[in-house]
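The block underneath contains the structure these notes are about, expressed in structure tokens.
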Amino acid sequence: MVQQLQVNEADAARVKAILDAQYHPRDHEEAQEQILGALQDVQHLLGWVPLWATRLVADHLGVTENRIYGLLTFYADFRTEQPGNHIMLLCHGTACF
């Protein structure tokens, strides 16, 4: 968790640039709809979604950090910890058994 709090200023600037360029909600409802797209863009850019990035997304869209974190932990495709050099994906679905 300590590692997530260390903000790389270059990465933060890149995240802010994406948010400024692509996400301009007109109201609260539209902001809610844009959360997942913003988180996907952050993860695509950084390889994961660090805690400091959730704060940037929340501030930019005008939503709570709790809302952001709730979506991050609900969807299994999001990574909240920095990935290692190798990633292993396991299927737990019925089709895989």
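Computation of the quantities below employed the complete heavy-atom set of this structure, encompassing side-chain atoms and omitting hydrogens, waters and symmetry-equivalent molecules. None of the values given here were measured: they were computed from a predicted structure.
Among residues two or more places apart in sequence or in another chain, the salt bridge (Lys or Arg N to Asp or Glu O under 4.0 Å) test is passed with Arg14 by Asp11. Listed by chain and residue number, Arg26 satisfy the salt bridge (Lys or Arg N to Asp or Glu O under 4.0 Å) test with Glu30 (two or more places apart in sequence, or in another chain). Residues forming a side chain to side chain contact (heavy atoms under 4.5 Å, CB included) with His24 (at least two apart in sequence, or on another chain): none. For the side chain to side chain contact (heavy atoms under 4.5 Å, CB included) test, residues two or more places apart in sequence or in another chain that qualify with Phe78 are Leu36, Leu39, Gln40, Gln43, Val49, Leu72, Tyr75.
His60 places a side-chain N or O within 3.5 Å of a backbone atom of Tyr23 that can act as its donor or acceptor partner.
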- Evaluate side-chain contact (heavy atoms from CB on, under 4.5 Å) for Val42 paired with Trp48, printing each intermediate quantity in order. CA-CA 7 Å; Val42 169; Trp48 64 304; over 6 Å; no
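Summarising the geometry, atom OG1 belonging to Thr54 is positioned 9.5 Å from atom CH2 belonging to Trp52; distances are rounded to the nearest 0.5 Å. The CG atom of Leu56 lies 10.5 Å from the CG atom of Leu61; values are rounded to the nearest 0.5 Å. Within the model, atoms CD1 of Ile18 and NE2 of His44 stand 8.0 Å from one another, a figure rounded to the nearest 0.5 Å.
Nearest heavy atoms, Thr73 versus Gly70: OG1-O, 3.2 Å. Taking each heavy atom of Val7 and Ala12 in turn, the nearest pair found is CG1-CB, 3.8 Å. Nearest approach of Pro25 to Gln34, heavy atoms of both residues: CD-OE1, 3.4 Å.
For Asp27, the CG atom sits in a packed shell: over 12 heavy atoms of surrounding residues, nucleotides or ligands are nearer than 6.0 Å.
Residue pairs that meet the salt bridge (charged side-chain N to carboxylate O under 4.0 Å, His left out) test with at least one member in residues 58-75, sequence neighbours left out, are Arg55-Glu65. The salt bridge (charged side-chain N to carboxylate O under 4.0 Å, His left out) analysis of residues 33-44, with sequence neighbours excluded, yields no pairs.
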